[in-house]
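Here is the structure we will look at.
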Amino acid sequence: GDAPVLDSDFDKISDQISTSLNDRKDIPSSIRMQLRNAVLSLLSEDPRARPLPSSALLKTDTPAYASWYVHSSLARFIS
């Protein structure tokens, strides 16, 4: 899909992101909350100061990942 057009006011961006993620009922709430926090954190910092990607970005031993995995696995059988 297309990238969302975000407001230039950071406070409004937070509301936009929350609304967009809350509309996605196919994503478990714990994942939506982590996504919102991650996006806001990334938007609040200078991208040039971010560390390079690492394997820590792909953590699979978290409750949020387990919840997403169960829901995504079940979705194949429900559809």
Once salt bridge (Lys or Arg N to Asp or Glu O under 4.0 Å) is applied, do any residues pair with Asp46, and if so which ones, sequence neighbours excluded?
Arg48
Quick check on the hydrophobic clustering: are Ile27 and Tyr69 connected, directly or via other members, by side-chain heavy-atom contacts under 4.5 Å?
yes
If only atom types and distance count, is the side chain of Ser72 paired as donor or acceptor with the main-chain N or O of Trp68 below 3.5 Å?
yes
Go through the structure and list residues passing side-chain hydrogen bond (donor to acceptor under 3.5 Å, both in side chains) with Ser20, not counting sequence neighbours.
none
Ile31 CD1 to His71 NE2 distance, which is reported to the nearest 0.5 Å:
10.0 Å
Is Leu40 reachable from Leu21 through a run of I, L, V, M, F, W or Y residues, each pair having side-chain heavy atoms under 4.5 Å apart?
yes
Nearest-0.5 Å distance, CG of residue Asp23 to OG of residue Ser18:
10.5 Å
Is there a side-chain contact between Ile17 and Leu43 in this structure, where contact means two heavy atoms from C-beta onward sitting under 4.5 Å apart?
yes
Does any non-hydrogen side-chain atom of Arg36 lie less than 4.5 Å from one of Ser14?
yes
Arg24: which residues meet the salt bridge (Lys or Arg N to Asp or Glu O under 4.0 Å) condition with it, sequence neighbours left out?
Asp26
Grab the two heavy atoms, one from Arg32 and one from Lys25, that are nearest each other, plus how far apart they are.
NH1-CA, 3.9 Å
Donor-acceptor pair, side chain of Gln34 and main chain of Ser29, under 3.5 angstrom
no
